[in-house]
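Whatever order the structure lists them in is the order used to number ligands and atoms, beginning at 1.
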Amino acid sequence: MYTMGVDVGSASSKVVILEDGERIVTANVVQLGTGSSGPQRVLEEALAASGLKMEDMTKVVATGYGRFSFDQADRQVSEISCHAKGIHHLVPSARTIIDIGGQDAKAIKLDEKGGVSQFFMNDKCAAGTGRFIDVMARVLEVTTAEMQDYDAKATEPAPISSVCTVFAESEVISQLSQGTAKENIIAGVHASVAVKACGLAHRGGVTPDVVMSGGVAQNAGVVRAISKELKQNVIVAPNPQVAGALGAALYAYEDALKAMKK
Ligand code: ADP
């Protein structure tokens with residue numbers, strides 16, 4: 001039996017096709033989010049990669065900021081529930097999830113069964129999100145994917161004191177003009193994101209294991225900064241950007257089983 005999870009995010013679109021609630025047949029990402037051709041493109045890519053058709057999917061669940069715009073789903077489930085389900089499946093020991101996406105950041109606390117006991121979210125401000133990093137990368141003339149390589153060479157993170165993305169951008173420009181090394185500015189950008197994310201996590205208490213999900217978890221510089229801030233090891237979920245889509249595919253599998261029992 002095949003089920004599909006579709007995560008229509010603000011920055012990217014993700015699809016996971018699951019066989020019998022266990023095996024990931026394909027996991028695809030298109031770096032274009034809701035309101036773009038991203039959702040349709042990632043769907044086509046996933047079907048082409050798996051050699052399957054939409055009719056082969058017993059159930060489809062959509063999640064993410066743009067989940068209500070995806071009309072081929074049987075139902076929609078919140079990103080919090082889907083990240084929790086996906087991460088519990090991948091890392092059963094996870095008790096605190098830090099999920100940093102394109103335009104929001106979340107801290108989710110899990111119980112032993114993977115249920116959500118508490119969550120805290122910042123979706124009001126770009127600071128502390130992927131968008132903040134993307135804006136700074138542009139000013140620094142590096143790609144988002146290159147940010148971690150620069151961070152690894154930093155000797156001393158440059159202080160980024162502003163909590164506002166627009167003012168922080170001015171600070172970065174000013175640091176550049178003063179001749180501060182790009183590596184150190186980038187480490188400062190990552191430290192700023194880490195402080196924000198950890199502020200959310202501390203609100204519910206940080207219980208190990210701490211696991212990161214979302215697109216920003218692919219940035220080893222942010223992961224390092226968060227580990228330093230929390231003073232503990234942080235696990236990066238395998239293929240962290242698709243954790244929400246995986247959770248959606250798992251919900252779709254549970255829905256399919258329930259429908260069979262009826
Ligand atoms: P959403 O679900 O809100 O669309 P994602 O979880 O896909 O967001 O995260 C998007 C963010 O992930 C981007 O803003 C970017 O900063 C970051 N990102 C995406 N790809 C990479 C990469 N290869 N390396 C580092 N960061 C990345």
Is there a path of hydrophobic side-chain contacts, each under 4.5 Å between heavy atoms, that joins L90 and L250?
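Yes: a chain of side-chain contacts under 4.5 Å links L90 to L250.
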[X] versus ligand 1: do any nitrogen or oxygen atoms come within less than 3.5 Å of each other?
X    : result
G215 : yes
A145 : no
D7   : no
S10  : yes

Tell me whether ligand 1 is touched by M147 - counting only heavy atoms on the residue side and a distance under 4.0 Å.
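Contact check M147 vs ligand 1: negative.
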Show the atoms of ligand 1 that are less than 4.0 angstrom away from any heavy atom in [X].
X    : result
S12  : 4 (O), 5 (P), 7 (O)
G130 : 14 (O), 16 (O)
G102 : 1 (P), 3 (O), 5 (P), 8 (O), 9 (O), 10 (C), 14 (O)
G9   : 1 (P), 2 (O), 4 (O)
G214 : 6 (O)

Under a 3.5 Å cutoff, is there a donor and acceptor pairing between the side chains of S78 and S81?
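There is such a pair between these side chains.
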Decide whether N184 and T155 meet the rule of one side-chain donor and one side-chain acceptor closer than 3.5 Å.
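Distance-only check passes for N184 and T155.
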Using the six-membered ring of Y251, assess whether NZ or CZ of K85 lies under 6.0 Å from its centre and within 45 degrees of the ring axis.
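The answer is yes; both the distance and angle limits are met.
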Specify the protein heavy atom at minimum distance from [atom]: its residue, its atom name, and the distance to 0.1 Å.
atom                    : value
atom 2 (O) of ligand 1  : K14 NZ, 2.7 Å
atom 4 (O) of ligand 1  : A11 N, 2.7 Å
atom 20 (N) of ligand 1 : Q218 NE2, 3.4 Å

Should one rank T144, D104, D134 by closest heavy-atom distance to atom 13 (C) of ligand 1, which comes out on top?
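Heavy atom nearest to atom 13 (C) of ligand 1 belongs to D134.
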Under the salt bridge (charged side-chain N to carboxylate O under 4.0 Å, His left out) rule, what do K106 and E79 come out as? Steps first, then yes or no, please.
CA-CA 10 Å; K106 308 177 191 81; E79 290 154 86; 3.2 Å; yes
Lys/Arg-Asp/Glu bridge criterion (N-O < 4.0 Å) met for D255, R75
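Yes, charged N to carboxylate O under 4.0 Å.
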Using side chain to side chain contact (heavy atoms under 4.5 Å, CB included) as the criterion, point out the one residue from V6, I17, T3, V15 that pairs with V60.
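It is V6; the other options fail the test.
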Let me know which of Q148, H190, R224 forms a side-chain hydrogen bond (donor to acceptor under 3.5 Å, both in side chains) with N219.
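The residue from Q148, H190, R224 that satisfies side-chain hydrogen bond (donor to acceptor under 3.5 Å, both in side chains) with N219 turns out to be H190.
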With sequence neighbours excluded, what pairs up with D134 under the salt bridge (charged side-chain N to carboxylate O under 4.0 Å, His left out) test?
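None.
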